[in-house]
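Every chain is numbered from 1 and lettered A, B, ... according to where its sequence line falls, protein lines coming before strand lines.
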Amino acid sequence: MDVRAPKGTADMLPDTARAWEHLTRTAQELFARYGYEPVYTPLFEHTEVFARGIGEATDIVSKEMYTFADRAGRSLTLRPEGTASVVRAALEHTLVPQGSLAKLYYAGPMFRYERPQKGRMRQFWQIGLEALGAAEPGVDAEVIAALWRFFETVGIPADNMRLLLNSMGDDVCRPGYRATVAAYIGEHAEALCAECNRRLDTNPLRAFDCKNPACAQVMAGAPLLRDELCEPCATHYAEVKARLDALGIPYVEEPKLVRGLDYYTRTVFEVQADAGLGSQNAIGGGGRYDGLMEMFGGKPTPGLGFALGFERTLLAMEAAGATVPSPPRADVYVARVDESVAAVVFDVASALRDAGIAAELDHQARSLKAQFKQADRLGARAVVVVGPDEAAAGEATLRDMSTKEERRVALATVVDALRALLG
RNA sequence: GUGGGUGUAGCUCAGUUGGUUAGAGCGCCGGACUGUGGCUCCGGAGGUCGCGGGUUCGAGUCCCGUUACCCACCCCA
């Protein structure tokens, strides 16, 4: 049997798992302050949820989904992102009745069949947040602020990040702009790569993302949506920027920022961090999707959200020297001099644990010296030693690891004595 | 899907123009007048040299294939 985890997946070993718990805990505390509540949706959905929500022509749907048939023949897909599922759940459970606002966040694994590289896995972990029901620009600023503050909170300095911002317009102004860009591409077909030409019909705006130097040069001269937004979109965009300015959150307007998921409208944003990352430098991103709920058959409901990548965030944190808290693994180590007192030691450790004190003991009949070394490694502040002498007297020796002071206490008072010692 | 790089002890890596029992550091275990830590010293365990062919008297060292991982393109968190 091959014991290696499947390509593109990774076991979250203790250090990484602790980091994940730290980030999710940080998200819980921070997002709660912004009024968001947790939500968990299934790891797989009917394929249609993603196919229609994200867009048939997108890379994610056309070539990166883990799609399979279950035993009853249903076509299911492992979620490649979280927004479509949350919106589907909001529709199913009417989380956004007329005039209300649903503020939700989630955390968990996502799946995309891609070639793994630095910061890109087939199973990767995201924390995301969605605000459904509000069209006002203030929500855009709130969501972006939550994302930005999250990164700052986990220790990525603002100087190491940059927030890219753009508006993609809406149903009123985007179609016209799209046609304009398509026409522009048509005029410069000769100078553009095959991929850009191929996307002329499906998604011409993606040509702005093309890293082919020739394409980039041509697209640099293309008309910008920013200059052709309809009045409402232009006003909305200006308002979002004003709110961000007021919050003191720095952003860079990036007219060429075009997200790869079809559902985005108006505000789109991305946070990039260079230090520690490879070419996958987007640690978080998102945008507004005012037409998504309707696309699923619901009433027109505005909304927006973001997702941030756990693995990439961790890389950026490490590069910034940010650390994950790692509490001592044991407050107390209960050591035994020989096997004759194994039962006594076990009882003492159990009593400590029942009393809420993290206690560890030896299970391998190791030497006392080895037990002390272990106590040291675990960060134990005290060691309780029990040997034949102590056992015979119904006592234990209690050693304060920092002062090296030792004293004998009755077994019955060990818990209280340690409570006092540990403070 | 395309391209490049790398696969030697648990981890990070050395291994000379192919030549006898494959090494180091860290980690782990044990010991330093035998019931005690963080330092130091000593000792020990631990390796199908990714896998399969081939060349050769002889391959970790050369050739071919294969597989895994890494990085990049692409795309995205």
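Applying the side chain to side chain contact (heavy atoms under 4.5 Å, CB included) test to D416(A) and every residue at least two apart in sequence or in another chain returns R419(A). Contacts of E142(A) classified as side chain to side chain contact (heavy atoms under 4.5 Å, CB included), with partners at least two apart in sequence or in another chain: Y34(A), Y36(A), K103(A). When the salt bridge (charged side-chain N to carboxylate O under 4.0 Å, His left out) test is applied to E130(A), no partner is found at least two apart in sequence or on another chain. For the side chain to side chain contact (heavy atoms under 4.5 Å, CB included) test, no residue two or more places apart in sequence or in another chain qualifies with A183(A). Judged as a side chain to side chain donor-acceptor pair (under 3.5 Å), and not counting sequence neighbours, R407(A) has no contacts. T47(A) meets the side chain to side chain contact (heavy atoms under 4.5 Å, CB included) test with M65(A), T67(A), S75(A), T77(A); sequence neighbours excluded.
The same atom, C1', is picked in C69(B) and in C57(B); the two are 36 Å apart, to the nearest Å. Taking atom P in both G23(B) and U40(B), the straight-line distance is 25 Å, to the nearest Å. Separation of the C1' atoms belonging to G10(B) and G46(B) is 9 Å when rounded to the nearest angstrom. Atom name P, nucleotides A32(B) and G37(B): the rounded distance is 11 Å, in whole Å. Atom P of C49(B) sits at a distance of 44 Å from the matching atom of G35(B), rounded to the whole Å. Here the separation of G44(B) from G25(B), taken at their P atoms, is 13 Å to the nearest Å. For the P atoms, the distance from G60(B) to A77(B) is 48 Å, rounded to whole Å.
One atom, CD of Q117(A), and another, C1' of A72(B), lie 6 Å apart when rounded to the nearest Å.
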Could you go through nucleotides 45-52 of chain B and list every protein N or O atom that sits under 3.5 Å from one of its N or O atoms, giving the distance for each pair?
none

Find every protein N or O atom lying less than 3.5 Å from an N or O atom of nucleotides 4-13 of chain B, and list the pairs.
none

Could you list all N or O pairs between the protein and nucleotides 36-40 of chain B that sit under 3.5 Å apart?
unit_1, atom_1, unit_2, atom_2, d
U36(B), O2, R399(A), NH1, 3.3
U36(B), O2, E406(A), OE2, 3.3
U36(B), N3, E406(A), OE2, 2.6
U36(B), O4, E406(A), OE1, 3.0
G37(B), N7, R399(A), NH2, 3.0
G37(B), O6, R399(A), NH2, 3.1
G37(B), O6, M401(A), O, 3.0
G37(B), N1, M401(A), O, 2.5
G37(B), N2, D376(A), OD1, 2.8
G37(B), N3, D376(A), OD1, 3.1
G38(B), O4', D376(A), OD2, 3.0
G38(B), O6, K404(A), NZ, 2.7

Pairing annotation in dot-bracket form, given for RNA chain B with Watson-Crick or G-U pairs under 3.5 Å and | for cross-strand partners: (((((((..((((.....[...)))).(((((.......))))).....(((((..]....))))))))))))....
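At the phosphate of A77(B), neither OP1 nor OP2 sits under 4.0 Å from any side-chain N or O atom of T313(A).
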side-chain contact (heavy atoms from CB on, under 4.5 Å) evaluation trace for T265(A) with L292(A): CA-CA 9 Å; T265(A) 55; L292(A) 187 53; over 6 Å; no
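A side chain to side chain donor-acceptor pair (under 3.5 Å) check over residues 156-166 of chain A, counting only residues at least two apart or in different chains, returns the pairs R162(A)-Q272(A), R162(A)-D274(A).
With centres under 5.5 Å and a plane angle under 30°, the ring of F124(A) is stacked against the base of A77(B).
A heavy atom lying under 4.0 Å from RNA chain B marks none of the residues of residues 147-159 of chain A.
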